[in-house]
Amino acid sequence: MTVYYTDQHEWLSVEGGIATVGITRHAAEQLGDVVFVELPAAGRALAAKGEAAVVESVKAASDVYAPVSGEVVESNDAVAAEPAKVNEDPEGAGWFFRMKLADEGELKGLMDKAAYDAFVEANG
Amino acid sequence: MAEPKKTQLNALHRELGGKMVEFAGYDMPVQYPSGVLREHLHTRAACGLFDVSHMGQGAILGAGAAAAFEALVPGAIQELKPGQTRYTLLLNDKGGIRDDLMVTRPAGDTDFSALLVVVNAGCKDADFAHIAAGLGPRFAVERYEDRALLALQGPLASAVLARHCPEAAAMKFMTVARLKVMGLDCTLWRSGYTGEDGFEISVPGEAAEGFARRLLAEPEVLPIGLGARDSLRLEAGLCLYGHDLDETTTPVEAALTWAIGKRRKMERNFPGADIVMGQLFDGAPRKRVGIVPLEKAPAREGTEIRSEAGETIGIVTSGGFGPTVNGPIAMGYVPPAFADDGTPLLLVVRGQARPARVAPMPFAPHRYFRG
């Protein structure tokens with residue numbers, strides 16, 4: 001299992017051609033208390049950098065983009081029912097959806113943890 | 001762009017970890033580390049302290065101030081008793097709302113020689129210029145920019161404030177008093193904009209930080225930012241100027257006809273009275289209503305409202321998640337045929353029409369102290 005990060009503050013954990021996707025702890029802290037998530041249904045085709053999900057705090061709505069291309073195989077019903085899980089465990093139980101990768105080559109453009117932490121540091 | 005202005009509590013907001021944003025030209029905390037949700041719920045359960053010093057405090061001085069001020073607003077200002085305060089509206093010649101404000105007859109006033117006003121931050125320069133021009137040279141319009149304004153809101157606000165000013169607890173909703181609090185000369189109103197019991201307190205600016213620190217040292221009190229102020233007032237069904245009200249909106253459309261005095265309706269001598277009274281009798285083209293989305297997705301400001309038949313009929317002017325309601329809530333404008341409670345509507349959120357219905361406001365019950 002390898003974990004990648006994007007400059008849009010998503011993480012994806014890849015194993016056997018399936019990526020589990022969520023938002024990073026940094027993103028969850030910036031958003032504040034999450035009160036609503038809208039997740040893509042299984043079977044939906046996602047294009048890399050296209051809109052995939054929506055996460056809303058009391059104050060505002062934010063888009064979550066697909067880090068890579070592929071097809072949604074599962075969305076996290078538990079987080080849809082209890083959006084606070086995104087704040088409690090953003091990089092674990094607060095995952096958003098799982099997708100089957102269309103092209104593992106797209107992962108090459110993404111960051112590892114050290115690079116992402118440096119990116120967050122630099123972009124304050 | 002000009003550097004945002006700072007209230008007397010700016011350094012304290014930063015020290016408390018406030019997340020600062022520009023609002024109405026001021027550098028203000030949108031939330032503190034507890035976050036909007038906790039700040040909102042704490043205010044409803046206990047007590048929150050809000051810095052509203054960006055708002056415009058002032059006074060109209062001169063004999064006959066109330067009668068003169070009535071030329072600018074539809075409220076029955078001459079009916080105010082000493083020590084009473086009232087919500088009213090500055091109207092333009094078409095009956096459109098220039099601003100909403102609180103107007104107060106000071107407790108000691110016997111001859112209407114003074115009125116206190118508190119107006120919105122974003123409108124205050126224009127408001128005071130408009131008031132001065134409208135009243136003419138017989139009246140002096142003063143501004144109290146050297147004073148801070150703090151709101152202490154929530155069911156425990158009275159008990160907390162009584163420790164520093166025992167007389168405050170006996171004040172009733174929408175009254176004012178000049179009292180010593182912590183030894184400081186303060187003007188206190190039993191009012192606020194959260195739907196809860198509470199006070200708004202005008203404090204000498206140089207003493208405001210120490211005053212706020214002593215209130216925050218009380219175990220019941222949390223500092224509350226603009227984010228929770230907005231969700232609290234939305235649940236209370238209260239309008240935010242520039243969003244739910246503007247120069248193109250009349251009091252009838254805004255469902256604020258209760259702010260038009262009975263005598264004023266007969267006299268028809270407030271700005272735009274012909275248009276406003278015409279709407280009152282014949283109906284207005286649109287009306288502000290409460291809206292509850294039936295699914296979980298919040299509908300934000302600007303969301304298109306459609307009839308069940310799919311026709312575009314209006315727009316959401318405030319909307320989001322109500323922490324006390326524990327679900328999405330909104331207000332917006334629809335034609336009168338769609339304004340009855342329970343009327344089904346559709347809200348277009350991210351391109352998808354989602355079911356909603358017209359609902360009575362407030363969404364969370366008002367809990368004012370009326371004695």
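Proteins get letters first, then strands, A, B, ... in listed order; numbering begins at 1 in each.
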> What is the ring orientation for B/His13 with B/Tyr32, classed by angle as parallel under 30°, tilted 30 to 60°, or perpendicular over 60°?
Replying inline: tilted
> Going from CD on A/Glu10 to CD1 on A/Ile23, what distance comes out if it is rounded to the nearest 0.5 angstrom?
Replying inline: 8.5 Å
> Hey, which of B/Gly227, B/Pro328, B/Ala297 has the most heavy atom pairs under 4.5 Å with chain A?
Replying inline: B/Ala297
> What part of A/Val37 gets closer than 4.5 Å to chain B, counting heavy atoms only: side chain, backbone, both or neither?
Replying inline: neither
>> I'd like to know if the side chain of B/Lys124 and the backbone of B/His54 have a donor-acceptor N/O pair within less than 3.5 Å.
In response: yes
>> Once you measure the plane-to-plane angle for A/Phe119 and A/His9, does it fall in the parallel (<30°), tilted (30-60°) or perpendicular (>60°) bin?
In response: tilted
> For chain A, which residues of residues 346-362 of chain B have at least one non-hydrogen atom nearer than 4.5 Å to it?
Replying inline: B/Arg350, B/Arg354
> Roughly how far, to the nearest 0.5 Å, is OG of B/Ser318 from CG of B/Asp244?
Replying inline: 3.0 Å
> A/Met99 and A/Val68: which non-hydrogen atoms are nearest, and at how many Å?
Replying inline: CE-O, 3.0 Å
> Roughly how far, to the nearest 0.5 Å, is SG of B/Cys239 from CZ of B/Arg288?
Replying inline: 3.5 Å
